[in-house]
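Right, one structure below, let's go through it.
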Amino acid sequence: MAAVGVELAGIRLRNPFLLASGIWGESGESLKGAYAAGAGGVVTKSIGEAPRDGYPNPTIDTYEQWGMLNAMGLPNPGIEEYPREVAVAVAAGVPTIGSVFAGDADAFAAVARRMASTGVLALELNLSCPHAKGLGSEVGSDPAEVERVVRAVVRAVTVPVIAKITPNTADPVALGLAAERGGAAAVSAINTLRALAIDLNLRRPVLAHGLGGLSGAAIKPVGLAVVWQLYEALKIPVVGIGGIRTVDDAIEYALAGARAVEVGTAVAFDGIGVFGRLAAELPPRLDALGFPSWGAAVGAAHPAPGAAVRTT
Ligand SMILES: Cc1cc2nc3c(=O)[nH]c(=O)nc-3n(C[C@H](O)[C@H](O)[C@H](O)COP(=O)(O)O)c2cc1C
């Protein structure tokens with residue numbers, strides 16, 4: 001059977017499937033549950049300096065065929081409260097990556113320092129939430145700011161730092177290169193795409209906040225493209241995110257260049273058992289495709305160096 005263990009930024013994972021931030025990681029018990037269900041590791045909800053209520057309802061709209069629109073507004077208990085939850089997962093031996101957000105480099109470093117002290121194996125920096133004023137992609141759309149934030153966090157902590165890149169930009173590669181220059185150990189992509197749903201009868205946006213972020217099947221081709229571009233341009237590993245629901249989706253991300261993948265909206269649709277299914281189906285599917293391991297598939301769709309590139 002094909003080997004599916006993964007090494008990511010010095011972290012060993014039993015399989016490449018990570019729980020994506022914000023979908024299920026609200027409590028230590030839910031993080032533990034994702035790992036017990038079969039995930040290779042988990043990313044926590046994004047946590048900021050102070051507690052935030054997020055936006056009023058409705059904050060989520062679902063479309064079974066193509067995904068989900070959300071504008072949660074980064075609700076979270078704040079970095080003083082959350083470590084208690086992380087400790088539950090860490091004590092249970094769950095490979096845990098702490099997700100942090102903030103408005104500038106100093107604030108990122110302060111939250112990151114506190115998160116790193118909880119025993120998480122790595123930090124993921126949310127530089128990419130598309131609907132939070134002064135946060136997320138408003139910080140993460142400027143390469144100079146991305147480099148500043150990543151450098152400040154890398155100086156503040158000893159665990160590896162993963163920069164989560166926004167797709168809501170003309171040039172994701174510039175953001176990835178900025179993260180690499182800042183000292184990131186890996187990049188992850190993508191967060192949700194800025195999107196809008198309109199209620200025809202009410203003649204208003206469906207979500208209370210108006211604009212939201214699109215996730216799920218509809219964004220998979222966008223995620224694949226960003227991962228492809230980042231893999232070509234960067235030396236550090238890429239974590240693929242966006243619309244992964246089946247092992248074939250995940251293997252497509254590997255072929256595009258993803259060392260590991262995160263799964264979000266599929267958990268909302270299929271339940272946390274999705275991780276057990278993905279973990280069980282991956283080795284035989286890699287066998288059937290002729291890959292001796294997950295690692296052998298990573299980047300395999302890219303032309304070999306020096307090979308002729310098809311242009312039509
Ligand atoms: C309801 C919801 C909440 C989310 N919250 C966060 C968050 O707190 N931090 C973050 O970095 N990404 C957050 N995301 C983005 C996901 O982690 C992921 O990048 C995105 O949904 C694409 O993956 P998917 O298509 O598998 O869902 C959230 C997504 C959804 C749907």
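Computation of the quantities below employed the complete heavy-atom set of this structure, encompassing side-chain atoms and omitting hydrogens, waters and symmetry-equivalent molecules. Atoms within a ligand are numbered from 1 in the order they appear, just like the ligands themselves. Small disclaimer: the values here were computed from a predicted structure and weren't measured.
- At the shortest separation from atom 30 (C) of ligand 1 among protein heavy atoms lies Asn70 ND2, 3.3 Å.
- Looking only at protein heavy atoms, the nearest one to atom 15 (C) of ligand 1 is Asn191 OD1, 3.3 Å.
- Given atom 9 (N) of ligand 1, the protein heavy atom at minimum distance is Ser46 OG, 2.7 Å.
- When each of Glu81, Glu80, Glu49 is checked for a salt bridge (charged side-chain N to carboxylate O under 4.0 Å, His left out) with Arg114, only Glu80 meets the rule.
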- Message: Walk me through whether Tyr231 and Trp228 qualify under ring pair (Phe, Tyr, Trp, His ring centres under 6.0 Å).
- Response: CA-CA 5 Å; Tyr231 179 84; Trp228 175 278; 8.0 Å; no
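- Ligand-side atoms of ligand 1 in range of Lys45: 5 (N), 7 (C), 8 (O), range being under 4.0 angstrom from any heavy atom.
- In summary, Asp104 and Arg148 do not engage in a salt bridge, as defined by a charged side-chain N under 4.0 Å from a carboxylate O.
- If you look at Ile219 next to ligand 1, the close heavy atoms, those under 4.0 Å, all belong to the side chain.
- A donor-acceptor distance shorter than 3.5 angstrom exists from the side chain of Glu85 to the backbone of Gly28, with no hydrogens or angles considered.
- Listed by number with element, the atoms of ligand 1 under 4.0 angstrom from any heavy atom of Lys164 are 10 (C), 11 (O), 12 (N), 15 (C), 16 (C), 17 (O), 18 (C), 19 (O).
- By the criterion of a heavy-atom distance under 4.0 Å, the backbone of Ile190, and not its side chain, is placed next to ligand 1.
- Residue-level proximity to ligand 1 for Met68 is carried by the side chain, the only part with a heavy atom below 4.0 angstrom.
- Pairing each heavy atom of Ala195 with each of Leu69, the nearest pair is CB-CD1, 3.4 Å.
- If you check which protein heavy atom lies closest to atom 3 (C) of ligand 1, you get Gly22 O, 3.5 Å.
- Below 4.0 Å from some heavy atom of Gly243 lie the following atoms of ligand 1, by number and element: 24 (P), 25 (O), 26 (O).
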- Apply side chain to side chain contact (heavy atoms under 4.5 Å, CB included) to the pair Ile162 and Ile97, showing each step before the final yes or no. CA-CA 9 Å; Ile162 303 168; Ile97 298 172; 4.2 Å; yes
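- Under the 4.5 Å side-chain contact rule for hydrophobic residues, Val159 and Leu18 share a cluster.
- Interface of Ile23 with ligand 1, defined as ligand atoms under 4.0 Å from a residue heavy atom, comprises 2 (C), 29 (C), 30 (C), 31 (C).
- The OG1 atom of Thr265 lies 10.5 Å from the CD1 atom of Ile244; values are rounded to the nearest 0.5 Å.
- Close contacts of ligand 1 with Thr265, meaning ligand atoms under 4.0 Å from a residue heavy atom, involve 24 (P), 25 (O), 26 (O), 27 (O).
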- Query: Where do Glu124 and Glu262 land on the side chain to side chain contact (heavy atoms under 4.5 Å, CB included) test, with the steps shown first?
  - Reply: CA-CA 12 Å; Glu124 182 177 80; Glu262 296 182 20; 2.8 Å; yes
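- Checked by atom type and distance alone, the side chain of Arg52 pairs as donor or acceptor with a backbone atom of Gly73 at under 3.5 Å.
- Considering every non-hydrogen atom in both Ala189 and Leu230, the closest pair reads CB-CD1, 3.8 Å.
- Here the heavy atom of the protein found nearest to atom 23 (O) of ligand 1 is Ile241 CG2, 3.4 Å.
- Near Ala20, meaning under 4.0 Å from one of its heavy atoms, ligand 1 places the atoms 17 (O).
- Of all protein heavy atoms, the one closest to atom 20 (C) of ligand 1 is Thr192 CG2, 3.8 Å.
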Ignoring hydrogens and angles, write down the donor-acceptor pairs under 3.5 Å from the side chains of residues 40-48, residues two or more places apart or on other chains.
from, atom 1, to, atom 2, distance (Å)
Thr44, OG1, Ser99, N, 2.9
Ser46, OG, Ser21, OG, 3.4
Ser46, OG, Ser99, OG, 2.6
Ser46, OG, Asn126, ND2, 3.2

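- Put simply, no part of Val267 is less than 4.0 Å from ligand 1, judged by heavy atoms.
- When hydrogens are left out, the protein atom nearest atom 21 (O) of ligand 1 is Ser215 CB, 3.3 Å; that is the closest non-hydrogen contact.
- The shortest contact between atom 13 (C) of ligand 1 and any protein heavy atom is with Ser21 O, 3.1 Å.
- Contact between Ala266 and ligand 1 is absent, with no heavy atom of the residue lying under 4.0 Å from the ligand.
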